[in-house]
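This report concerns only the one structure given below.
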Amino acid sequence: MRSCLAWSLVLLLSSVSSTRIKQQIYRDIKPKQIRSCFRRLNGTTTIGCTSERGGNVGVLLYLDTMADLEMLAEPKFSPYVVLVNPELFSSALLTGLEATGHVTGVILPTVTGGRWEGRVHSEGYSDDTPCPNSDVSLYKNTSDQCTQKNAWNPPGSGLMWRAFKFPIFYLPNTTTTESLYTCYQTHNNLTTGLAWPLCSVQLSSNMHAASDSKTCIRRSNLMNNLTPQTFCDPLNDMNLHYFVSPRNRTLETGDIKESAPASVVAVSARLDTLTMFDQAELGFDSPSTGLVVLLAAAKMVAEKMASLSYRDGVENIMFLLLNGEAFDNTGSTRLLFDMEQGEFPRSLDLTDTDYLANGTQPTLNITNIRTMIELGQLSNITSSTLYMHTANNPAGVVGQIEKFSRLNNLQTKKTTRSALPPSSAQTFLSSSPSLHTVFLSNYDTSYSDPVYHSVYDTAQYHGYNHSLGPAQAMVSHLAKVAVVLAQSIISLATEKEVELHTEDVSALINDLLQCYTVTANCSVFHEASSPDQGFPWDGKKINQPFPQYVGVNPSPHTLLTKQVLQLLTGQKVPLDDQSDDDISTQKSACLAKNSQQTVFSYSFLVGPGCYNGSTVTCGSCYQTTVAQTEAGSPAFIEGVMESYDWASGKYPTWTESIWKEITARSFLQGDPGHDHLVLGVGVAVFLVSMLSVWWVEKNAVLLFPHSGAEYRLGANIDT
């Protein structure tokens, strides 16, 4: 027993000792401080980054100017992991790094604070191409096609859509990047020449997927009960929609009411953005400004339409928030597919009479939409002018926007470019070419945002600060746009002019901008949350906005946006037993109202004045018409995927690779020549030892002659 305890103590001490030695050798970078470029695939190709299975190791070098590329040509100390001045990060730089053949990883430091604060390329930078979503453009192969000469996104590098065989990490923590730079300065001093030991870095981000989406999905679907493995997942989240007026297919008289042609005014904005780096998909100008304006306008329209009637053939107003638009308009493509299949807002099964006992909605398709108004980038960082891009001469819509813009002192202009910008509207126009369309933005012929679809499209870059209140220029501008939009929509639907004031919505817009671009730990998200369910009541501390990436599952960004829309447009309804103060009981009673009907959606939300710090004190049941539908591409639907031509481009086919872990660490690396010498000596000693043992064994009789006593040993044994 004592022997076992002794051995256990020895093993424990050895383990502790080895752990301490490891900590002294390596300086790990916390996974939460890493934003890694990762691999994505479509029907024909692979994009993004990956590392070797054990990670990529290289000597750390810092590139401050393009001239520094020359030092990478030295093979003696290669391979290298390169820390890059953010002002240099571009397609030309990455191409140059690849050409050396000596680079095994790239690190991009943050420009928010620290040594590289504000050091964004003077001409701007974008991970996207100069012509976003060009493969699904309505104007592809026409005279209006986007090209390098008439690019919508001039700073576009296209790096998002390239494949790299080494990892690229973005580090948003200034302490981490400063530590790496100090390690480089201390041990890798180029002024005196490099000499071992050198500061080195290991980057690990091995991706499991390869080839293309078709191959990856097929490999993932192979039946193997012993080692089931998924290599990639289709991009998929949720689209959100809100009808201002409830839609019940069965009237009180018993008659059936279907949606009339050209009877719905549609207003849309996108929910998602993209960057090369995981968990860094945040966009102030795109999508946050358009998203915030739509939410504010929906609230104002809902309040005013409660006492107004539709005119001139209009029967409803529909607000849409579409997901996956940064990836070949995935969300709008799925929405259009569902409409054409007669499954929007849901598949109508009239045989299930019990389920539909309290009402069901009629289906809606593209022919039911009269006008499409889409919101694009709306920040006033470079201009306070609202530009109108149109299709099919929607003079009535343009006239209303111009009229209410004059009343609210908002300058508007018609674009000088004939084609629509990259937009969801192009998807709907592909099916309904005569659809009256207006796209609202802050630019004329090209994007005014120089950091579109990049890690630099932040609140700080655009000069927004929540603490400055509703009167700051950014908030005032977006409030004007929201008021003009709401007044125009109401006028188109009712032929009535309503009075709205920017002061009534400025505070809301300021709070919404905080939630989407500064921190998710904000008042609106607290009020729109569900008691005892996830954020912010699960105890997790979140001090940054939720990523706005479409992902492979419904995201917190989408869920909270849905609940915010429900909070802003829903009506509080009483519960059967108001005397019960138990919040869980009230919530169950509220959600029970969703049974046997599809006209309304009932949600139990905290609401204003019902929480104190981290404690929920009350809640309310909201009756809304806000709902969600799948945003995943039709290409992955069962029954479509089996016969789909993956190279056709008819539907988006984007998938995301699976990975095990993403890690990084720095350490001092000794001379590989010394390592080789130690290995060589060890091998030599081993071979000499083996040869010696063989020779001794072969000559044992000569080396160790037997004595006579040994030969007579058996003679003394009695038999």
Side-chain angles (χ1 to χ4, degrees), residues 36-50 126-129 131-137 140 156 158-164 205 207-221 230-239 270-281 283 286-287 322-338 422-424 426-427 430 453 547-555 557-558 629-638 640-642 644-659:
S36 173
C37 167
F38 60 100
R39 179 170 285 176
R40 279 163 281 214
L41 313 91
N42 68 7
T44 58
T45 191
T46 300
I47 64 172
C49 314
T50 186
S126 171
D127 286 334
D128 214 334
T129 65
C131 298
N133 282 344
S134 58
D135 288 340
V136 295
S137 172
K140 187 176 182 179
L159 288 178
M160 172 72 195
W161 312 103
R162 287 176 56 179
F164 298 96
S205 60
M207 300 287 137
H208 294 185
S211 188
D212 52 51
S213 290
K214 178 182 179 181
T215 303
C216 188
I217 292 294
R218 175 178 54 79
R219 291 178 63 202
S220 297
N221 290 338
T230 299
F231 297 95
C232 61
D233 292 307
L235 296 188
N236 185 29
D237 205 310
M238 292 292 171
N239 292 325
R270 62 167 53 182
L271 270 172
D272 68 304
T273 186
L274 64 78
T275 71
M276 292 177 64
F277 307 104
D278 184 41
Q279 298 296 305
E281 305 93 345
S286 176
L322 302 173
N323 232 325
E325 294 304 274
F327 290 88
D328 293 342
N329 293 342
T330 299
S332 56
T333 300
R334 177 57 181 269
L335 179 63
L336 180 62
F337 177 86
D338 289 344
S423 56
S424 307
Q426 291 192 25
T427 302
S430 66
H453 280 179
Q548 297 165 334
Y549 172 59
V550 59
V552 298
N553 292 301
S555 64
H557 168 63
T558 302
T629 58
E630 292 279 347
S633 172
F636 300 106
I637 298 176
E638 187 176 351
V640 176
M641 182 168 59
E642 290 77 6
Y644 181 66
D645 180 0
W646 294 83
S648 68
K650 182 178 181 181
Y651 301 128
T653 53
W654 288 105
T655 57
E656 176 185 301
S657 175
I658 299 294
W659 64 82

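- Annotation: the span from M160 atom CE to T129 atom OG1 amounts to 11.0 Å, rounded to 0.5 Å.
- Of the inter-residue distances, the one linking D278 atom CG with C49 atom SG reads 11.5 Å to the nearest 0.5 angstrom.
- For the ring pair (Phe, Tyr, Trp, His ring centres under 6.0 Å) test, no residue two or more places apart in sequence or in another chain qualifies with H453.
- Between F38 and S657 the shortest side-chain heavy-atom distance does not fall below 4.5 Å.
- Formation of a donor-acceptor pair under 3.5 Å by the T46 side chain with backbone atoms of S211 is found in this model.
- The backbone N or O of F231 sits less than 3.5 Å from a side-chain atom of S220, completing a donor-acceptor pair.
- Side-chain atoms of H557 and L271, non-hydrogen and from C-beta on, do get closer than 4.5 Å to each other.
- Remark: the backbone N or O of I47 is not paired with any side-chain donor or acceptor of R40 at under 3.5 angstrom.
- Within the 4.5 Å cutoff, the side chain of E281 has heavy atoms near those of the T275 side chain.
- The minimum heavy-atom distance between L336 and S430, with the atom names listed, is CD2-OG, 4.2 Å.
- Remark: the backbone N or O of N323 is not paired with any side-chain donor or acceptor of D272 at under 3.5 angstrom.
- Using a 4.5 Å cut-off on side-chain heavy atoms (C-beta onward), P634 and T333 make contact.
- The closest side-chain donor-acceptor pair between D128 and W161 falls under 3.5 angstrom.
- N133 approaches A326 most closely through the heavy-atom pair OD1-O, 3.4 Å.
- In this structure a side-chain-to-backbone donor-acceptor pair under 3.5 Å is present from D645 to A647.
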Full working for side chain to side chain contact (heavy atoms under 4.5 Å, CB included) between W654 and V550: CA-CA 11 Å; W654 288 105; V550 59; over 6 Å; no

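- Proximity of a side-chain donor or acceptor of Y651 to a complementary backbone N or O of Y644 within less than 3.5 Å is not detected.
- The line from CG of L41 to CE of M207 is 11.0 Å long, rounded to the nearest 0.5 Å.
- The structure places CD1 of I217 at 10.5 Å from CG of D212, a figure rounded to the nearest 0.5 Å.
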May I have the step-by-step check of side chain to side chain contact (heavy atoms under 4.5 Å, CB included) for T655 and T653, ending in yes or no? CA-CA 7 Å; T655 57; T653 53; over 6 Å; no

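- A side-chain donor-acceptor contact under 3.5 Å links R39 to the backbone of A209.
- A heavy-atom distance below 4.5 Å is not found between the side chains of L159 and C37.
- Here the OG-CG distance, from S424 to N329, works out to 5.5 Å after rounding to the nearest 0.5 Å.
- Side-chain contact check for Q426 versus S423: some heavy-atom pair is nearer than 4.5 Å.
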F636/N236 under side chain to side chain contact (heavy atoms under 4.5 Å, CB included): CA gap, chis, key distance, verdict: CA-CA 10 Å; F636 300 106; N236 185 29; over 6 Å; no

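- E325 contributes a side-chain N or O that, together with a main-chain N or O of G331, makes up a donor-acceptor pair within less than 3.5 Å.
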Verdict with supporting geometry, L235 and V552, side chain to side chain contact (heavy atoms under 4.5 Å, CB included): CA-CA 5 Å; L235 296 188; V552 298; 4.3 Å; yes

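- In this structure, OG1 on T427 lies 9.5 Å from CG on L335, to the nearest 0.5 angstrom.
- Annotation: side chain of Y549 is in contact with side chain of F327 (closest heavy-atom distance under 4.5 Å).
- The minimum heavy-atom distance linking S286 with T273 is given by the pair O-OG1, 3.5 Å.
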